[in-house]
Amino acid sequence: AYTYCNPSRLKEAIETLNSSLRIQQRIYGLTPHPNLASTWLNLGNSYASSNMRDQAIKAYRTGYTLFLESLGASHPSTIRALQILNLALA
């Protein structure tokens, strides 16, 4: 999906990331996993680039929560996800 993250292909990026989330959710079920968290953050970036702020914040929040639950508060990925969320909320 990252390949699609240029302005003319953001819709494709969002569709691909949503498809990836569906597959990952079938694999991981309800278990928080860093791969899911990363995909949510990437989806948030695509939404933000598409000026879809509310959707971006929701995706960033979900990604942060999944990192927090799977890796803990002091992990660098969790800290970075929180920074991204805070920037989106500013």
Side-chain angles (χ1 to χ4, degrees):
Y2 185 76
T3 303
Y4 297 128
C5 287
N6 68 56
S8 65
R9 301 189 78 185
L10 284 168
K11 182 179 178 187
E12 290 172 86
I14 290 168
E15 290 170 1
T16 301
L17 288 163
N18 277 311
S19 177
S20 178
L21 281 173
R22 286 189 295 277
I23 293 166
Q24 290 179 53
Q25 288 167 337
R26 283 196 303 258
I27 294 168
Y28 302 118
L30 297 176
T31 305
H33 196 280
N35 289 348
L36 274 168
S38 292
T39 304
W40 276 106
L41 289 184
N42 289 333
L43 181 60
N45 290 337
S46 293
Y47 281 138
S49 294
S50 298
N51 295 316
M52 300 169 76
R53 184 176 185 269
D54 292 340
Q55 292 93 328
I57 289 170
K58 179 181 181 243
Y60 290 145
R61 187 171 282 126
T62 302
Y64 166 70
T65 301
L66 288 167
F67 273 130
L68 183 62
E69 292 174 357
S70 62
L71 300 176
S74 62
H75 192 279
S77 295
T78 308
I79 294 167
R80 182 65 183 138
L82 180 58
Q83 291 170 337
I84 292 168
L85 174 59
N86 286 336
L87 284 172
L89 292 169

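Hydrogens, waters and symmetry mates play no part in the numbers below; they use all other heavy atoms, side chains included.
- Annotation for Gly63 and Leu41: closest pair CA-CD2, 4.3 Å, computed over non-hydrogen atoms.
- No single ILVMFWY cluster, assembled from side-chain heavy atoms under 4.5 Å apart, contains both Leu10 and Ile84.
- Rounding to the nearest 0.5 angstrom, the gap separating the CD atom in Glu69 from the CG atom in Leu36 is 11.0 Å.
- Annotation: side-chain hydrogen bond (donor to acceptor under 3.5 Å, both in side chains) contacts of Tyr60 (sequence neighbours excluded): Asn45.
- Considering only heavy atoms from C-beta on, Pro34 stays 4.5 Å or farther from Leu66 through its side chain.
- Residues in residues 30-51 take part in these ring pair (Phe, Tyr, Trp, His ring centres under 6.0 Å) pairs, two or more places apart or across chains: Tyr28-His33.
- Closest approach of Pro32 to Ser70, counting heavy atoms only: O-CB, 3.6 Å.
- For the atom pair OG of Ser46 and NZ of Lys11, the computed distance is 14.0 Å after rounding to the nearest 0.5 Å.
- Using a 4.5 Å heavy-atom cutoff, the side chains of Leu43 and Thr39 are not in contact.
- A 4.5 Å side-chain heavy-atom check between Asn86 and Leu82 finds at least one atom pair inside the cut-off.
- The side-chain contact (heavy atoms from CB on, under 4.5 Å) search around Arg26 returns Ile23, not counting sequence neighbours.
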Would Leu21 and Leu17 count as a side chain to side chain contact (heavy atoms under 4.5 Å, CB included) if you check the C-alpha gap in whole Å, the side-chain angles of each, and the deciding distance to 0.1 Å? CA-CA 6 Å; Leu21 281 173; Leu17 288 163; 5.7 Å; no
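- To the nearest 0.5 Å, the span separating CD1 on Ile57 from OG1 on Thr62 amounts to 11.5 Å.
- Arg53 places no side-chain N or O within donor-acceptor distance of the main-chain N or O of Ala48, the cut-off being under 3.5 Å.
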Go through the steps to decide whether Met52 and Ile14 satisfy the test side chain to side chain contact (heavy atoms under 4.5 Å, CB included), and finish with yes or no. CA-CA 11 Å; Met52 300 169 76; Ile14 290 168; 4.3 Å; yes
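- Under the side-chain contact (heavy atoms from CB on, under 4.5 Å) criterion, Thr31 pairs with no residue at all, not counting sequence neighbours.
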Review item, side-chain donor-acceptor pairs of residues 72-81, under 3.5 Å, at least two apart:
residue	atom	partner	partner atom	Å
His75	ND1	Ser77	N	3.0
Thr78	OG1	Phe67	O	3.3
Thr78	OG1	Gly72	O	2.8
Arg80	NH1	Gln83	OE1	3.4

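- Applying the side-chain hydrogen bond (donor to acceptor under 3.5 Å, both in side chains) test to Ser20 and every residue at least two apart in sequence or in another chain returns Gln24.
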